[in-house]
Amino acid sequence: MTIALETRSLTKQFGGLTAVDSVDLAIQENSIFSVIGPNGAGKTTFYNCITGFYEPEAGDILFYGESLVGLSPDQVTYRGISRTYQNIRLFANMSAIENILVGEHSRIRVHGWKLSFIHPA
């Protein structure tokens with residue numbers, strides 16, 4: 001089986017507080033995986049490290065064997081990883097499909113009047 005996403009000893013600290021402490025994780029390609037825990041356990045901080053919003057103090061994050069550490073959020077998104085937030089409805093004046101299409105903005109290219117969706121290999 002191919003490992004799609006892996007963290008090795010991932011650690012994130014804020015001052016003297018360790019929010020994520022040496023997390024090792026391997027998620028196989030084409031699997032469904034969940035991170036659960038109580039409030040304050042570091043789940044959001046963990047996701048923010050993976051998506052490039054935070055840079056970890058230690059460890060590595062690998063996406064199909066390529067390190068994501070040090071990449072900006074847009075560079076991580078270009079490689080195929082993004083996140084959503086807990087907003088029920090991001091744009092109240094838009095339909096559900098229009099809200100979903102907002103998430104495709106990084107994959108849409110306009111050529112004349114034709115839209116094409118770009119998915120990197």
Side-chain angles (χ1 to χ4, degrees):
M1 290 275 177
T2 301
I3 301 296
L5 181 66
E6 181 177 7
T7 63
R8 296 178 183 166
S9 300
L10 189 67
T11 301
K12 177 63 184 168
Q13 299 172 328
F14 298 99
L17 174 69
T18 301
V20 176
D21 191 7
S22 299
V23 174
D24 292 319
L25 175 75
I27 302 173
Q28 294 181 352
E29 186 176 51
N30 298 320
S31 65
I32 297 173
F33 194 89
S34 177
V35 176
I36 61 171
N39 291 344
K43 300 177 301 290
T44 299
T45 300
F46 179 71
Y47 287 124
N48 284 338
C49 287
I50 291 171
T51 57
F53 285 98
Y54 294 155
E55 187 164 344
E57 272 64 46
D60 205 357
I61 304 161
L62 303 169
F63 186 57
Y64 288 100
E66 178 185 341
S67 181
L68 300 178
V69 173
L71 297 180
S72 63
D74 63 300
Q75 292 170 321
V76 174
T77 298
Y78 180 77
R79 284 161 176 76
I81 295 177
S82 63
R83 63 161 294 172
T84 62
Y85 296 90
Q86 294 179 10
N87 294 335
I88 300 299
R89 189 169 180 125
L90 190 56
F91 301 106
N93 61 334
M94 294 169 56
S95 70
I97 192 68
E98 288 169 332
N99 273 271
I100 291 168
L101 287 173
V102 169
E104 282 288 321
H105 77 279
S106 65
R107 301 281 186 255
I108 297 175
R109 302 290 183 262
V110 178
H111 304 284
W113 290 102
K114 182 180 177 186
L115 292 178
S116 61
F117 291 88
I118 309 300
H119 295 280

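Just so you know, these numbers come straight off a predicted model, no measurement behind them. Start at 1 with the first residue, then count along the sequence. When reading the values below, keep in mind they use all heavy atoms of this one structure, side chains included, and skip hydrogens, waters and symmetry mates.
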Residues in side chain to side chain contact (heavy atoms under 4.5 Å, CB included) with [X], at least two apart?
X	result
Ser82	Thr77
Ile3	Glu6, Ala26, Gln28
Thr18	Thr11, Gln13, Asp21

Looking at OG1 of Thr51 and CD of Gln75, how far apart are the two atoms once the value is rounded to the nearest 0.5 Å? 13.0 Å
Report the residues that fulfil ring pair (Phe, Tyr, Trp, His ring centres under 6.0 Å) with Phe63, sequence neighbours left out, ordered by chain and then residue number. none
Phe14: ring pair (Phe, Tyr, Trp, His ring centres under 6.0 Å) partners, not counting sequence neighbours: Tyr54
Could you list all the salt bridge (Lys or Arg N to Asp or Glu O under 4.0 Å) pairs where at least one residue sits in residues 91-102, not counting sequence neighbours? none
With sequence neighbours excluded, residues passing side chain to side chain donor-acceptor pair (under 3.5 Å) with [X]:
X	answer
Tyr64	Glu29
Glu55	none
Asn39	none
Ser9	none

What's the verdict on side-chain contact (heavy atoms from CB on, under 4.5 Å) for Leu25 and Phe33, showing C-alpha distance, side-chain angles and the deciding distance? CA-CA 10 Å; Leu25 175 75; Phe33 194 89; 3.0 Å; yes
Would you indicate whether the side-chain heavy atoms of Asn48 and Lys12 approach each other to under 4.5 Å? no
Check: Cys49 and Leu10 side chains under 4.5 Å, non-hydrogen atoms: yes
